[in-house]
Amino acid sequence: DNRPADLFATRALLQRPAAAPNLQAEAAAFGELSKLLADDPHAALRRFPEVALHLCNAGSAGLSLLRSNAAGQAVVHWQAVSGALASRQGIDTPRNFSPCGLCLDAGATILLSRPERVFTYLRWPQPLIEDLIEPLQDGNGRPLGTFWIAHHDFKICFSANDARIMEQLAIYLVVALK
């Protein structure tokens, strides 16, 4: 295994100070998403990364879905992306060699520190300092993809509160995917 020992930073989430949750903003966001889910689920899928970006004060956010490419290989397709990496929407990354793949393998929320050290194809002008990734699974536990947020600034880090928000959003997102 050639991964840096500090690639997985998930345990750090519990030790970091977290700002008090903005429950009013969260309630408003979930209310908006609930209405969108009822009225226009397709628009809701595009809105989830924007909401995560706002609620978690992230630099980028995205919905990545599992699919097969033309060669029949499993890939993770960046379906909806907001923030600094929005221009990357529509790209595919390998299922078996990607941050999203690591999250799907773990079957749980993960936090990666500077993932471009391993996944060199992620070296873009906007560095990925932290990548908080939530797996998306159907009711039978079958993986559908991932929901993620990223920081591009060394002075900012995610907290357990961000992980909580992402886990809650992921529940709604799976409903939108149905």
Side-chain angles (χ1 to χ4, degrees), residues 10 13 21-23 25-112 115 119 121-122 128 130-151 158 160-178:
T10 312
L13 284 173
N22 184 341
L23 298 178
E26 289 179 40
F30 281 100
E32 175 197 348
L33 289 171
S34 294
K35 182 170 177 7
L36 262 177
L37 282 170
D39 297 342
D40 188 353
H42 187 71
L45 289 178
R46 292 188 308 269
R47 185 73 177 116
F48 272 89
E50 296 167 357
V51 168
L53 196 72
H54 172 72
L55 290 178
C56 298
N57 194 29
S60 294
L63 164 63
S64 298
L65 299 177
L66 279 177
R67 67 181 198 185
S68 295
N69 65 12
Q73 299 163 321
V75 296
V76 183
H77 179 73
W78 290 27
Q79 183 73 30
V81 182
S82 295
L85 295 178
S87 66
R88 305 290 191 247
Q89 183 169 304
I91 69 166
D92 292 336
T93 60
R95 158 63 178 92
N96 63 350
F97 187 68
S98 67
C100 292
L102 289 178
C103 177
L104 293 171
D105 291 345
T109 305
I110 63 170
L111 177 68
L112 300 180
F119 307 105
Y121 60 85
L122 296 176
L128 287 175
E130 285 194 334
D131 198 3
L132 181 64
I133 312 166
E134 179 70 27
L136 302 173
Q137 300 171 334
D138 69 12
N140 297 319
R142 185 178 63 90
L144 302 172
T146 62
F147 186 43
W148 52 267
I149 50 177
H151 276 309
F158 291 117
N161 191 50
D162 298 311
R164 177 190 60 79
I165 290 168
M166 290 298 287
E167 288 168 4
Q168 290 176 346
L169 286 170
I171 293 167
Y172 278 70
L173 188 47
V174 168
V175 170
L177 289 169
K178 290 183 177 186

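Since this is a predicted model, take the numbers as computed values, not measurements. Only heavy atoms go into these numbers, but all of them, side chains included; no hydrogens, no water, no symmetry mates.
- Between L177 and L65, the closest side-chain pair of non-hydrogen atoms falls below 4.5 Å.
- Counting heavy-atom neighbours within 6.0 Å of H77 NE2, excluding the residue itself, gives a total above 12.
- Atom OH of residue Y172 and atom OG of residue S34 lie 4.0 Å apart, to the nearest 0.5 angstrom.
- Using a distance-only test at 3.5 Å, with no hydrogens or angles considered, a donor-acceptor pair links the side chain of E130 to the main chain of F158.
- Side-chain contact check for L136 versus L63: some heavy-atom pair is nearer than 4.5 Å.
- Side-chain atoms of R67 and V75, non-hydrogen and from C-beta on, do get closer than 4.5 Å to each other.
- At distances below 3.5 Å, not a single donor-acceptor pair connects side-chain atoms of S98 with backbone N or O atoms of T93.
- In this structure the side chain of L102 never reaches within 4.5 angstrom of the side chain of I133, judged on heavy atoms.
- By the 4.5 Å heavy-atom criterion applied to side chains, D131 and L111 are not counted as neighbours.
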Q: Test side chain to side chain contact (heavy atoms under 4.5 Å, CB included) on L66 and L144 and set out the steps.
A: CA-CA 6 Å; L66 279 177; L144 302 172; over 6 Å; no
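- Proximity of H42 to R47: side-chain heavy atoms (C-beta onward) are nowhere separated by under 4.5 Å.
- Between A61 and L53, the shortest heavy-atom contact is N-CD1, 3.8 Å.
- Between the CD1 atom of I165 and the CD1 atom of I149 there is a distance of 8.0 Å, given to the nearest 0.5 Å.
- For the atom pair I171 CD1 and F147 CZ, the distance stands at 12.0 Å (nearest 0.5 Å).
- Across every non-hydrogen atom of P49 and S82, the tightest pair is CB-OG, 3.7 Å.
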Q: Kindly indicate, with the supporting measurements, whether the criterion side chain to side chain contact (heavy atoms under 4.5 Å, CB included) is fulfilled by D105 and R95.
A: CA-CA 10 Å; D105 291 345; R95 158 63 178 92; 2.8 Å; yes
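- Using a 4.5 Å heavy-atom threshold, the side chains of Q79 and Q89 count as separate.
- Distance alone, capped at 3.5 Å, is enough to place a donor-acceptor pair between the S60 side chain and the A84 backbone.
- Rounding to the nearest 0.5 Å places CG of N57 at 11.5 Å from CG of N22.
- Nearest heavy-atom pair across H151 and G59 is ND1-N, 4.1 Å.
- Side-chain atoms of E167 and T109 form a donor-acceptor pair, as typed in the model, at a separation below 3.5 Å.
- Taking OG1 of T10 as the reference point, atom CG of L132 lies at 8.0 Å (rounded to 0.5 Å).
- Contact check for Y121 versus P94: side-chain heavy atoms found under the 4.5 Å cut-off.
- Heavy atoms only, all atoms of each residue included: A43 and L36 are closest at CB-CD2, 3.9 Å.
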Q) So L45 and L173, side chain to side chain contact (heavy atoms under 4.5 Å, CB included) or not? Walk me through it. A) CA-CA 7 Å; L45 289 178; L173 188 47; 3.5 Å; yes
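- Relative orientation of the W148 and W78 rings is tilted, given thresholds of 30° and 60° on the angle between their planes.
- The minimum heavy-atom distance linking P21 with R164 is given by the pair CB-NH2, 3.5 Å.
- Residues P41 and L37 come closest through the heavy atom pair CG-O, 3.3 Å.
- Looking at N140, its side chain never comes within 3.5 Å of a backbone N or O of R142 through a donor-acceptor pair.
- A distance of 7.0 Å separates CG of L169 from SG of C56, quoted to the nearest 0.5 Å.
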